[in-house]
Engineer: 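Sharing a structure here in structure tokens format.
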There are 2 protein chains.
Amino acid sequence: MSLPNALLALLVVEPMTGYDLHKHFEASVGHVWHAPDSQIYPTLKRMEAEGLLEGEDIPWGPRGKKRQYHVTPAGREAFKTWMNTPLEYARTRDPAHLKAAYLEWAEPDAAREHLLAHIEHHSSMLAQWQQTMKEIEDGTSGMLARRLAHTPKKDQEKTRAFKRFTYEGLIAQAEAEIAWAQRGLRLVDKLNG
Amino acid sequence: MSLPNALLALLVVEPMTGYDLHKHFEASVGHVWHAPDSQIYPTLKRMEAEGLLEGEDIPWGPRGKKRQYHVTPAGREAFKTWMNTPLEYARTRDPAHLKAAYLEWAEPDAAREHLLAHIEHHSSMLAQWQQTMKEIEDGTSGMLARRLAHTPKKDQEKTRAFKRFTYEGLIAQAEAEIAWAQRGLRLVDKLNG
DNA sequence: TGCCAATAACTATATACATAGTTAGTCTGT
DNA sequence: ACAGACTAACTATGTATATAGTTATTGGCA
């Protein structure tokens, strides 16, 4: 259910091809909801069949063409409805904490490696999100800048504020994971003298 | 890849039927890796076919029987190998932060509802985990108690320490989510002030 | 004796997702 | 004139998950 809405979130800003979406995804919504192009293309077709989108073939070079999608009024309504509908929380599936719960089965060195990898992973997430946060602040963020250009002045601050809020949350998550893994490293050291 | 190992984590303690596993799952590993019984039964069969488990039919009442699985040496090795293998981090898919990123599309009341639901969800997670933490401390945690009874004294503290560590992490996650959503509530109030 | 909750073990179906490969046209530089 | 990178849009396959049943037995209580 999330992917169609993540696509709508981008397409309400401006019409795009599947390829465009795939590209912009990586640098914006994809931070919170990853999707490969092999999932995007069929989803766009389905959304067109459902009347949420309309696609038209536009020329590309002398012989080529590409299919550009734009949101229909029904699509815009569906997106708003989704935004006003409470979220269903999925049951936890957290491989890192799963392994952590049985870490006494790992060799001490492997345990350290796990925790270091956890720190490294979330550090790189953190760096990415801090970078995005900076781009939000100074308006160099690709999709957001495009978005704000289509937004009435009085709503711009709102839009920007919720983006900032989102990335603040992601940053807090990453920091919590890093702190936890560091505590884990100290624990492994203590347990192995 | 996680489910078979989550099952092994329980089965290395003592042989169990699919039904037993399903039950114990809910109260232990299921906290970090949920699985419905409809996934557990076929997975057990597959693991038996792969030689990780062996099952035997044991009588249950006058006419009934049930299939009890125990871990083979190969299964024990596979579990250890998994515990020593680095984790592959999956790309983010976080519906709550996805919605948060576009919260300006929601009615102010719906936005508040989202954030309140987020707080409520993670508060109940928090309560559950604090409860489990208490059970870890005083030895009333079902699977852990069973586990410790089969563990040499010198390793018991290690086992208990990693469980504590895991739930500390989950508690920190929940607290971070709650704090984030509360910041969100203040933001919504300010923007619609 | 009959009812009911719990135990036990599935089956069936529809998505969702990961991973990998395919086909074809365009644009840029040498 | 051609190579190579990029744009564009898929297809194919296998596994994972969610959701919702089904069938049968047991053990305890009224």
Side-chain angles (χ1 to χ4, degrees), chain A residues 1-7 10-11 15-27 29-30 32-50 53 55-69 82 87-95 98, chain B residues 1-7 10-11 15-27 29-30 32-50 53 55-69 82 87-95 98:
Chain A
M1 275 287 72
S2 289
L3 180 54
N5 289 293
L7 294 172
L10 293 190
L11 284 170
M16 277 188 243
T17 67
Y19 192 81
D20 292 336
L21 275 164
H22 165 54
K23 280 301 163 80
H24 286 121
F25 228 72
E26 306 275 86
V29 217
V32 284
W33 195 269
H34 167 74
D37 66 334
S38 65
Q39 216 189 335
I40 290 175
Y41 285 112
T43 301
L44 287 172
K45 285 196 166 181
R46 208 189 68 206
M47 289 168 75
E48 187 176 9
E50 286 168 354
L53 302 179
E56 55 177 332
D57 288 324
I58 62 173
W60 168 53
R63 254 177 328 209
K65 56 177 184 166
K66 53 186 183 176
R67 192 154 186 83
Q68 194 180 56
Y69 293 94
W82 178 72
L87 189 62
E88 303 239 347
Y89 284 84
R91 309 288 293 268
T92 313
R93 253 189 207 102
D94 182 336
L98 172 58
Chain B
M1 275 284 73
S2 289
L3 180 54
N5 289 294
L7 294 173
L10 293 190
L11 283 171
M16 278 188 243
T17 67
Y19 192 81
D20 291 338
L21 276 164
H22 166 53
K23 278 304 162 78
H24 285 121
F25 228 71
E26 306 275 86
V29 219
V32 284
W33 195 270
H34 167 74
D37 66 334
S38 66
Q39 216 188 336
I40 290 175
Y41 285 112
T43 301
L44 287 171
K45 285 197 166 180
R46 207 189 70 207
M47 290 168 74
E48 187 175 10
E50 286 167 356
L53 302 180
E56 55 177 331
D57 287 326
I58 61 174
W60 168 52
R63 253 176 332 208
K65 57 178 182 166
K66 53 186 182 176
R67 192 156 187 81
Q68 194 181 55
Y69 293 94
W82 179 72
L87 189 63
E88 305 238 347
Y89 285 84
R91 310 289 293 271
T92 314
R93 256 192 204 100
D94 183 335
L98 171 57

Engineer: Using a cut-off of less than 4.0 Å, is there contact between a side-chain N or O of R91(B) and OP1 or OP2 of dT19(C)?
Structural biologist: no
Engineer: Side-chain donor-acceptor pair under 3.5 Å between Y19(B) and K23(B), yes or no?
Structural biologist: yes
Engineer: What nucleic acid atoms does M16(A) come within less than 4.0 Å of, heavy atoms only: base, sugar-phosphate, or nothing?
Structural biologist: nothing
Engineer: NE2 of H22(B) versus C1' of dT7(C): gap in Å, rounded?
Structural biologist: 11 Å
Engineer: L21(B) vs T43(B), test: side-chain contact (heavy atoms from CB on, under 4.5 Å). Steps then yes/no.
Structural biologist: CA-CA 12 Å; L21(B) 276 164; T43(B) 301; over 6 Å; no
Engineer: The side chain of W60(B) lies closest to which of these nucleotides: dA8(D), dC10(C), dT7(C)?
Structural biologist: dT7(C)
Engineer: K23(B) side chain N/O closer than 4.0 Å to the phosphate oxygens (OP1, OP2) of dT7(C)?
Structural biologist: yes
Engineer: Roughly how many Å is it from CD1 in I58(A) to P in dG25(C), rounded to a whole number?
Structural biologist: 18 Å
Engineer: Under 4.5 Å between any side-chain heavy atoms of R91(B) and P36(A), yes or no?
Structural biologist: no
Engineer: Determine: side-chain N/O of R63(B) to OP1/OP2 of dT26(D), distance under 4.0 Å, yes or no.
Structural biologist: yes
Engineer: Let's see if you can work this out: which of dA9(D), dA8(C), dT17(D) has an atom nearest to the side-chain heavy atoms of T17(A)?
Structural biologist: dA9(D)
Engineer: Less than 4.5 Å apart, any side-chain heavy atom of E88(B) and any of P95(A)?
Structural biologist: no
Engineer: What is the distance, to the nearest angstrom, from the CE atom on M47(B) to the P atom on dA16(D)?
Structural biologist: 12 Å
Engineer: Answer with base, sugar-phosphate or nothing: what part of the nucleic acid does R46(A) contact at a heavy-atom distance below 4.0 Å?
Structural biologist: sugar-phosphate
Engineer: In whole angstrom, what separates D20(B)'s CG from dC10(C)'s C1'?
Structural biologist: 16 Å
Engineer: What is the distance, to the nearest angstrom, from the CD1 atom on I40(B) to the P atom on dT7(C)?
Structural biologist: 15 Å
Engineer: Using the closest heavy atom to pick a nucleotide of DNA chain C for each, name whichever of R67(B) or A90(B) lands nearer the 5' end.
Structural biologist: R67(B)
Engineer: Side chain of W33(A): nearest nucleotide among dC17(C), dA6(C), dT26(C)?
Structural biologist: dC17(C)
Engineer: Measuring from the side chain of Q39(B) (C-beta onward, heavy atoms only), which nucleotide among dT17(D), dT7(C), dA8(D) has the closest atom?
Structural biologist: dT17(D)
Engineer: Can a side chain N or O of K65(B) be found less than 4.0 Å away from OP1 or OP2 on dT26(D)?
Structural biologist: no
Engineer: Expressed as a whole number of angstroms, how long is the span from E48(A):CD to dA9(D):C1'?
Structural biologist: 14 Å
Engineer: For the residue pair Y69(B) and G55(B), what are the closest heavy atoms and their distance?
Structural biologist: CD2-CA, 3.8 Å
Engineer: Can you figure out which of dC10(C), dA18(D), dT7(C) approaches the side chain of D37(B) most closely?
Structural biologist: dC10(C)
Engineer: Quick one: E56(A) CD to dA8(D) P, roughly how many Å, whole number?
Structural biologist: 15 Å
Engineer: What is the distance, to the nearest angstrom, from the NZ atom on K66(B) to the P atom on dC10(C)?
Structural biologist: 14 Å
Engineer: When you measure from the side chain of Y69(A), which nucleotide among dA9(D), dT7(C), dC10(D) comes out closest?
Structural biologist: dC10(D)
Engineer: Looking only at N and O atoms, is any donor in the side chain of S38(B) or the base of dT19(D) less than 3.5 Å from an acceptor on the other one?
Structural biologist: yes
Engineer: Below 4.5 Å, heavy atoms only, C-beta onward: do L98(B) and D94(B) meet side chain to side chain?
Structural biologist: no
Engineer: Can you see if the side chain of Y41(A) gets near the phosphate of dC10(D) - specifically, an N or O under 4.0 Å from OP1 or OP2?
Structural biologist: no
